[in-house]
Structure formats: structure tokens, C-alpha cells
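See structure below.
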Amino acid sequence: MNTISQQAKRCQVWLSEHALPRWHHYFDKKIGIFPEGIYQDGRVYQENVIRFRVQPRQLYVYAHATELGLIDARQEVEQATDLGFPLFQTEKETFVFSLDDELNIKNGETNAYEHAFALLGYAWHYRLTGEQASLDKMEAIYLWFQCELADVENGGFYSSTHYFSLRCQNPHMHLFEALMVCYEHTDDVQWLERASSIFNLFIDRFIQDEYLCEFFDSQLAPKHPLSNLVDPGHHYEWIWLLHHYQKLTKIDVSVYIERLNHFASMYGHNDNGLVRDEVKNNGVVFRSTSRLWCQTEYLKAQIALWERHPSPEREQCVCQAVDVIFSAYLNPAQNGLWFDQLDCEGLPLQKNSPASTFYHLFLAFSELLRVAK
């Protein structure tokens with residue numbers, strides 16, 4: 001399969017015939033909850049923790065899949081927001097980190113990361129239903145960011161209402177993504193203006209001379225003990241996000257994309273080609289394992305680079321990225337499931353399939369379907 005169209009068909013078959021039906025089957029309609037994951041033998045696992053982040057991510061998958069005609073999950077999407085999301089809500093209508101198997105609060109932390117995905121989930125619920133209640137939720141979530149987490153002096157948002165000493169670019173990255181989706185689904189320019197504030201933060205704070213910094217101290221300076229650790233996968237994720245931002249705003253982001261791609265291409269891959277989980281900012285390997293999500297972000301980046309400068313060579317990079325995902329992570333697993341992390345030899349470290357990874361897979365494959373049209 002050496003064309004984007006052929007690879008897109010391959011991904012569409014895997015989604016519509018295997019993954020989407022399989023995970024759809026395990027959605028608990030009584031309480032509106034998606035499972036944490038599935039073992040290779042088909043058993044659902046929770047391990048006495050149900051993370052909120054899984055819920056809006058899975059909602060996104062099924063809302064977008066419904067829009068694309070890959071499955072009809074409108075009812076499940078509505079049940080997730082009407083029944084499932086409220087189980088995680090506090091009296092302030094924020095969302096806790098997790099519940100236990102009895103649906104009691106297990107971890108009551110309220111974090112930026114989870115709320116960025118809540119914003120994404122409600123935006124896609126609004127896209128599917130047009131309900132005013134979702135618009136209201138979207139606005140309330142952003143105002144919560146502004147009122148509870150904003151750092152007026154140094155910029156950006158704290159990662160949690162509980163901890164302030166360690167700050168991360170990752171929640172901002174997903175907020176950036178969600179804000180652009182909000183703009184696309186509402187045509188309300190204020191959402192794009194809010195996304196632009198994150199873009200400016202990326203320029204001012206996150207991107208360094210040669211790499212993307214992950215961790216910061218309380219003043220959003222790269223002086224935390226963890227500031228020397230970086231994720232190649234996030235470099236690729238930002239490439240796709242910046243490309244998308246340029247399409248919305250016409251702002252040229254080429255210099256940042258080139259910087260991100262250079263570092264990740266130079267230091268971010270094992271000898272087998274898989275994207276590494278983590279390296280130091282001088283390029284030295286820190287974790288040689290390879291999560292599946294890193295490969296899906298690499299695929300999205302290759303799609304973005306191909307869109308920016310179409311060529312046969314770029315198309316082959318896209319096709320090769322899909323081949324790797326199937327050969328290393330999907331084909332060795334049961335139909336519709338995946339191995340989530342491999343060691344440096346390409347062997348799976350565990351054989352369960354966490355639901356949180358489906359968001360990465362679906363978004364990457366849906367991008368392939370989009371450009372194949």
C-alpha cells in the first residue's frame with residue numbers, strides 16, 4: 001500500500017469493521033461510561049479506577065465517527081454527556097480526576113489536562129447535537145481556566161488547582177487543540193482569539209532554540225529539575241497543531257515546524273524507526289520505549305508536512321508511518337485492539353489496550369481520511 005488513498009481505506013476498514021464496533025459494545029448505557037480499557041482476551045478492565053479523561057476522549061471518537069458515517073453512536077454520545085460526565089462533577093461543576101468501581105470519587109484533583117478534554121468533548125457534542133447546553137458548558141470551562149488556573153504575572157495556566165510548583169506545556173497543547181475545535185464548530189471568533197493566546201505562549205515560553213520544553217517551574221521558566229526531559233511525540237503533535245493553526249489564521253508557522261521536526265527527526269527515534277517516549281534536551285536517550293500515541297502523532301505530522309509541501313517522498317513518509325502502526329501495534333493484537341507500548345526491541349510491554357489511546361488513533365486516521373478525499 002504505497003498511496004495515501006490505499007492507506008486511508010485500510011484505516012477506514014480497521015475503524016468501521018473492528019475498533020469502533022468493539023469499543024462501542026462495551027459502553028455502559030445505564031451510567032453513560034466508557035471502560036478504561038480491554039484485555040486481549042476481550043475482558044473489560046477498570047482496575048478500580050475510571051479516569052475522567054477517558055470519557056471526553058471516547059466521546060470525541062464516537063461523535064467524529066458518527067459525523068463521518070463510520071458508525072451511528074449519537075445515542076451513546078448523548079448518554080455520555082447526560083449521564084456519564086455528571087458522575088465526575090463537583091459541586092462547582094468541575095471534573096475530578098477519577099472514580100472507583102463503585103462510582104465514588106477516587107481522586108478529587110481538578111486538573112487543566114482533564115478540563116481541556118472536557119472542552120473538546122462538549123465541542124464535539126455541540127457539533128453533533130447543536131444543543132445550547134454544550135455551548136454553555138464550553139464557556140463555563142474556559143472561564144474556570146481563567147478564574148482558577150490563570151497565571152496573570154507569568155502567563156499561561158497552572159496544571160492543577162492542587163499543585164503549582166511543576167508546570168507543563170502538555171495541558172496547554174490540548175487546550176490549544178480544543179479551542180481551535182471550538183472555533184471551527186461555532187464560528188465564534190473569540191475561540192480563535194483564545195487559541196491565539198496559547199500560540200503566543202508557545203512562541204514566548206514553550207519553544208526553545210532547538211526543542212520544545214515540557215516542564216517548567218512555578219514562574220513558567222525552564223528551570224525545574226525535570227526541564228531537561230522532552231517528548232519527541234509532542235514535537236510531532238505540535239507540528240500538526242501549528243499547521244492547523246496556520247490554516248485557520250494564515251499565520252506562517254514554518255520556522256517553528258522546521259525547528260520541531262529537526263529535533264524530533266534527529267533524536268526522537270530508535271534504530272527500528274519507532275518514536276521514543278522521552279529524551280533529554282541534548283538528544284541523549286532517556287526512555288527508549290515507544291508508546292503507540294507517539295507514532296500516531298508522527299503520522300499526523302507527516303500528513304501536515306505532506307500537505308505543506310506535497311511530493312512523492314512525503315507521501316511515502318505518510319504511508320510508512322501507517323505501515324509501522326499496523327505492523328508493530330495493531331496487527332499483533334486482537335481485532336480492534338492494540339499493544340500500547342513496546343520496548344526498544346519492538347516487543348510489547350503489556351497486552352492490555354487502554355481506551356485513552358483510541359483518541360490518538362482515531363484523530364490520526366481521520367486526518368488520513370480527510371486528505372485522501
Side-chain angles (χ1 to χ4, degrees), residues 8-88 98-103 106 114 117-118 120-122 124-125 127-129 291-293 296 322 325-326 328-341 348 350-366 368-369:
K9 180 62 176 177
R10 179 189 195 181
C11 293
Q12 182 175 339
V13 168
W14 184 83
L15 287 170
S16 60
E17 295 185 8
H18 302 297
L20 288 167
R22 183 157 203 164
W23 289 85
H24 179 268
H25 174 74
Y26 290 111
F27 176 74
D28 191 330
K29 295 183 178 182
K30 293 181 180 178
I31 57 174
I33 291 288
F34 295 98
E36 270 286 309
I38 301 175
Y39 291 114
Q40 292 298 314
D41 62 10
R43 290 179 297 121
V44 168
Y45 71 86
Q46 302 283 38
E47 299 177 349
N48 200 34
V49 61
I50 307 170
R51 295 173 299 165
F52 174 68
R53 67 178 62 180
V54 169
Q55 307 309 311
R57 286 164 86 127
Q58 290 290 75
L59 183 148
Y60 152 72
V61 167
Y62 282 95
H64 196 174
T66 298
E67 182 182 61
L68 294 178
L70 300 177
I71 196 171
D72 183 2
R74 181 180 296 268
Q75 182 179 6
E76 287 73 15
V77 167
E78 297 205 34
Q79 288 169 330
T81 52
D82 295 346
L83 301 176
F85 281 27
L87 294 173
F88 296 85
S98 65
L99 307 177
D100 62 22
D101 287 345
E102 302 299 320
L103 304 182
K106 184 178 179 70
E114 277 68 34
F117 278 104
L120 179 73
Y122 280 117
W124 272 98
H125 182 263
R127 172 81 165 194
L128 205 61
T129 67
R291 291 282 304 279
L292 172 53
W293 74 260
T296 62
V322 179
I325 289 172
F326 272 89
Y329 295 89
L330 304 188
N331 289 345
Q334 295 298 313
N335 285 339
L337 301 180
W338 46 83
F339 292 147
D340 195 59
Q341 188 178 42
Q350 59 278 124
K351 296 187 177 181
N352 57 310
S353 301
S356 54
T357 304
F358 203 179
Y359 147 82
H360 291 281
L361 277 163
F362 188 87
L363 183 49
F365 287 179
S366 68
L368 199 62
L369 294 176

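Please read all numbers here as calculations on a predicted model, not as lab measurements.
Using a 4.5 Å cut-off on side-chain heavy atoms (C-beta onward), Pro56 and Leu120 make no contact. Contact annotation: the side chain of Ile71 never approaches that of Leu15 to less than 4.5 Å [non-hydrogen atoms, C-beta and beyond]. Looking at heavy atoms from C-beta onward, Glu36 lies out of side-chain contact with Glu47 at the 4.5 angstrom threshold. The shortest distance between side-chain heavy atoms of Leu292 and His360 does not fall below 4.5 Å. Side chains of Lys29 and Leu83 form no contact here, defined as non-hydrogen atoms less than 4.5 Å apart. Residues Tyr329 and Thr296 fail the side-chain proximity criterion, which asks for heavy atoms closer than 4.5 Å. Side-chain contact between Tyr359 and Val54: absent, with no pair of heavy atoms (C-beta onward) separated by less than 4.5 Å. Between Phe27 and Gln79, some side-chain heavy-atom pair lies under the 4.5 Å cut-off.
Heavy-atom minimum distance, Ser366 versus Leu68: CB-CD1, 4.2 Å. Closest non-hydrogen pair, Leu59 versus His125, comes out as CD2-N, 4.2 Å. Shown here for Gln58 and Ala355, the closest heavy-atom pair between the two residues is OE1-O, 3.6 Å. Counting all heavy atoms, side chain and backbone alike, Asp41 lies closest to Arg43 at OD2-NE, 2.8 Å. Residues Arg74 and Leu128 share a closest heavy-atom pair of NH1-O, 2.8 Å. The shortest heavy-atom contact between Leu363 and Tyr60 is CD1-OH, 3.3 Å.
Both cation-pi conditions hold for Arg57 and Phe117: the charged atom is under 6.0 angstrom from the six-membered ring centre and inside a 45 degree cone around its axis.
Taken from CG in Leu87 to CD1 in Ile50, the straight-line distance is 8.5 Å, to the nearest 0.5 Å. With rounding to the nearest 0.5 angstrom, the CZ atom of Arg127 is 5.5 Å from the CH2 atom of Trp124.
Side chain of Asn48 to backbone of Asp100: no donor-acceptor contact under 3.5 angstrom is found.
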Test Leu70 against Leu369 for side chain to side chain contact (heavy atoms under 4.5 Å, CB included), laying out the working first. CA-CA 11 Å; Leu70 300 177; Leu369 294 176; 4.3 Å; yes
With side chain to side chain contact (heavy atoms under 4.5 Å, CB included) as the criterion, how do Phe358 and Leu20 come out once you've worked through the C-alpha distance, each side chain's angles and the decisive distance to 0.1 Å? CA-CA 9 Å; Phe358 203 179; Leu20 288 167; 3.9 Å; yes
Could you walk me through whether Thr357 and Arg291 pass side chain to side chain contact (heavy atoms under 4.5 Å, CB included), step by step? CA-CA 9 Å; Thr357 304; Arg291 291 282 304 279; 4.2 Å; yes
Verify side chain to side chain contact (heavy atoms under 4.5 Å, CB included) between Asp340 and Asn352, making sure each step is shown before the conclusion. CA-CA 7 Å; Asp340 195 59; Asn352 57 310; over 6 Å; no
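Screening residues 16-27 for side chain to side chain donor-acceptor pair (under 3.5 Å) gives His24-Glu76 as the qualifying pairs, with residues at least two apart or on separate chains.
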Which side-chain N or O atoms in residues 332-339 pair as donor and acceptor under 3.5 Å with protein atoms at least two apart or in another chain?
from   : atom 1 : to     : atom 2 : distance (Å)
Trp338 : NE1    : Pro354 : O      : 3.4

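Aromatic ring orientation, His64 versus Phe362: perpendicular (interplanar angle above 60°, classes split at 30° and 60°). In this pair, Phe326 and Phe365 present their aromatic rings parallel. The plane angle is below 30°, not in the 30 to 60° band.
The number of heavy atoms from other shown groups lying within 6.0 Å of CD (Glu102) does not exceed 12.
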